[in-house]
Amino acid sequence: MITGGITDRTLPRLAPNQAPPDGYYAENLTAVISTVCNQYSDLLTADESRFAESTLSLSVSALRLLARLLSRTKSYIRIDSLAYADVDDVSTALEELRKACLIAVNAEGDSTEILALLTVAELKSTFIQSELKGRKSELVDTILSEHDDKIIRDRVSECCPWLLVTATKSFEFFCLLFFGNSLQRLDEFVIRDLGVTRFETYELDPAFRLFQTRRAIDRYIELSELAEVVETLGKAVSTEDAKSIYRALKKREKDRVFELRRSRTLNALGRNLERANEHNLALRCFRSSTAHPARERTMRILMKEGRTEDVERVRVDILKAPRSYEEHAFAQRFGRPRLPQQKIEIREDLAPTTDYQRIESFATQQLMDEGSQAWHLENLLPNGLFALAYWDWLYASVRGAFVNPFQATPLDLYWPEFFRVRQDVCEDPLARPIELKTRILATARHKRGISSQLVAWPILTPSLLNSILDAMTIDQLEKLLRIVIQDLRQFRAGFPDLTVIDQNGEIAFVEVKGPGDQLRPNQRLWIERLMQAQFNVYVWRFS
């Protein structure tokens, strides 16, 4: 069993256009593997432990070369392309990696990818007997049609030996455990150390681990793979495939994170089936899901089928125990008149346009021509104001919120108990609303540039923040934040397109719609809440 972990050390800082310090990438690789071994040694399989042992016992040169290879994006790599200043003897390092079963040289593989390693000239000289003409892709197709995989592999290996990093899958598994997701890799270290991305300083709890059992790890991977399958198949998914996926997702998860992933995948599958008019199977997916908008889609399908009594039963269930603010609002208004239109200025006399990408810019320019200030901010405004007001809540020392040094937000940002678990260690900014503006501006000044999923620093400049906060009353700012914190997940989207300060210095919001474009439910929800908070809200429709 391997023990150990990331040691207390300061990673070397990088300078743009300069080579990193010798061994920089190897250090990062060692940090990832050692940390995972320290936290998850009891959950690793024999093969995974063997990968860690083999990697950590490599010579300096072999470890450095492996770190470089794992950073490459291609599966197949030409050996003659390997030249690194901090790797003394590439040939010896390669042989060590091969013996450790971390790479394979000239191994069986995808002939298309192997041929792609060669240039056009090399393809023609290597397969001189073939009549090769056209682009490189055409040359490859001709070779594939005339030769079997073994002949292709043998000829390419003589011309251009290559390697396959067989450790890639194991490495990706260790990255999953280290970062807590399947997206981040070693380049996170580089981005941080170059200063391109700065992360807030927060406490990491070494005793906390995201996955408590091996079953949790395997299920996370399985759920991720199922989500990819659903996305790839789209509405072309066959009935048999859909049934198979549904069976794999039917049972609820005890872990709230996994349950959300399961339900979202069911919602996506159900939506694809709904679009394909497979209503019965779609309803089964939505009824097994515990995430919004499953019950909304259920009501819509039932309404299409004329099953009004069933629609009403689902509506009552939602009103008794809504899963989100949007779901509750939907159940209240479904089948009834929507927004009280008389409260919203509907402006339809705008110049025609067919370029949707330019509609917001066009509307912004019209407002500026009329003497107003206007910005196309959408949800960057409420999200940013919330983050700046609640910064210490976002980065509070709460068990399980942070699992690696490269997080822009805590893991539990959108969990229902986000505020509850922090209320004893953080002061609520809304308890002293008179200090809100000062708090927001001070946070922006001291934290500017630190990576946050909620704050777009290039957009929320000091001058823009000052202008908007000057135009908002304290009461308006407080009400806007109260809307956001009522349901962080729900209100992170749907905010009106344009933020406006009119000729009188008053704040207003404008939703811009192109021809045939209708208000989405989350946009209607935001408009309703903003009107209730006594903001001026407008909808501009382009004809």
Side-chain angles (χ1 to χ4, degrees), residues 19-20 23-26 28-29 32-33 47-48 50-52 54-55 57-175 185-187 190:
Y24 171 78
Y25 297 101
N28 297 339
L29 175 59
V32 169
I33 294 177
D47 286 343
E48 291 155 1
R50 194 176 301 114
F51 161 75
S54 298
T55 301
S57 61
L58 290 171
S59 67
V60 171
S61 290
L63 181 63
R64 290 178 178 181
L65 181 57
L66 178 62
R68 295 284 197 158
L69 295 176
L70 290 171
S71 298
R72 296 230 186 171
T73 57
K74 299 290 186 180
S75 300
Y76 298 89
I77 302 171
R78 289 178 63 136
I79 291 177
D80 61 9
S81 71
L82 303 178
Y84 301 109
D86 61 345
V87 179
D88 296 330
D89 187 340
V90 170
S91 297
T92 302
L94 280 174
E95 180 59 18
E96 186 178 346
L97 294 179
R98 188 191 65 78
K99 288 181 178 178
C101 299
L102 297 170
I103 66 169
V105 177
N106 297 334
E108 293 183 13
D110 188 315
S111 293
T112 302
E113 291 190 53
I114 293 172
L115 289 170
L117 294 171
L118 276 61
T119 64
V120 169
E122 288 170 335
L123 287 171
K124 290 181 177 180
S125 62
T126 302
F127 297 90
I128 195 169
Q129 301 90 342
S130 301
E131 190 173 340
L132 300 179
K133 295 180 181 179
R135 298 185 301 251
K136 183 175 179 179
S137 59
E138 295 173 311
L139 271 59
V140 169
D141 288 341
T142 300
I143 294 170
L144 290 171
S145 67
E146 295 181 359
H147 303 283
D148 62 29
D149 291 341
K150 185 178 186 308
I151 290 176
I152 291 174
R153 189 169 66 253
D154 290 344
R155 291 194 184 180
V156 174
S157 64
E158 294 176 4
C159 160
C160 165
W162 76 90
L163 64 86
L164 173 67
V165 186
T166 54
T168 297
K169 189 173 182 180
S170 296
F171 168 66
E172 290 175 348
F173 176 81
F174 273 70
C175 284
R185 294 289 185 270
L186 292 181
D187 53 3
V190 179

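Any value given below was found using the heavy atoms of this structure, including those in side chains, with hydrogens, waters and symmetry copies removed. Numbering starts at 1 and runs along the sequence shown.
Looking at heavy atoms from C-beta onward, F171 lies out of side-chain contact with T55 at the 4.5 angstrom threshold.
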In residues 81-90, what donor-acceptor pairs under 3.5 Å come from side-chain atoms, sequence neighbours left out?
| unit_1 | atom_1 | unit_2 | atom_2 | d |
| --- | --- | --- | --- | --- |
| S81 | OG | R72 | NH1 | 3.3 |
| S81 | OG | R78 | O | 2.6 |
| Y84 | OH | R72 | NE | 3.2 |
| Y84 | OH | R72 | NH2 | 3.0 |
| D86 | OD2 | G23 | N | 3.1 |
| D89 | OD1 | S91 | N | 3.3 |
| D89 | OD1 | T92 | N | 3.2 |
| D89 | OD1 | T92 | OG1 | 3.4 |
| D89 | OD2 | T92 | OG1 | 2.7 |

Show me, pair by pair, the donor-acceptor contacts under 3.5 angstrom made by side chains of residues 101-109, not counting sequence neighbours?
| unit_1 | atom_1 | unit_2 | atom_2 | d |
| --- | --- | --- | --- | --- |
| N106 | OD1 | W162 | N | 3.0 |

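Between Y76 and the choices L164, V156, L115, the side-chain contact (heavy atoms from CB on, under 4.5 Å) rule is met once, by L164. Only one option out of L144, V140, T112 pairs with I152 in a side-chain contact (heavy atoms from CB on, under 4.5 Å); it is L144.
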**Request:** Go through the steps to decide whether Y24 and V190 satisfy the test side chain to side chain contact (heavy atoms under 4.5 Å, CB included), and finish with yes or no.
**Result:** CA-CA 9 Å; Y24 171 78; V190 179; 3.9 Å; yes
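In this structure F174 satisfies the ring pair (Phe, Tyr, Trp, His ring centres under 6.0 Å) test together with F51, sequence neighbours excluded.
Distance alone, capped at 3.5 Å, places no donor-acceptor pair between the T126 side chain and the L123 backbone. Judged by distance alone, the side chain of K136 and the main-chain N or O of L118 form a donor-acceptor pair under 3.5 Å.
Counting only residues at least two apart or on different chains, the salt bridge (charged side-chain N to carboxylate O under 4.0 Å, His left out) pairs with a member in residues 139-153 are K150-D154. Under the salt bridge (charged side-chain N to carboxylate O under 4.0 Å, His left out) criterion, the residue pairs touching residues 93-102 are E95-R98, with sequence neighbours excluded. Among residue pairs with one or both ends in residues 111-140, those qualifying as ring-ring contact (aromatic ring centres under 6.0 Å, His included) are F127-H147; sequence neighbours excluded.
Across all their heavy atoms, L58 and A100 have their closest contact at CD2-CB, 4.5 Å. Contact record, A93 with L65: CB-CD2, 3.8 Å, taken as the closest heavy-atom pair.
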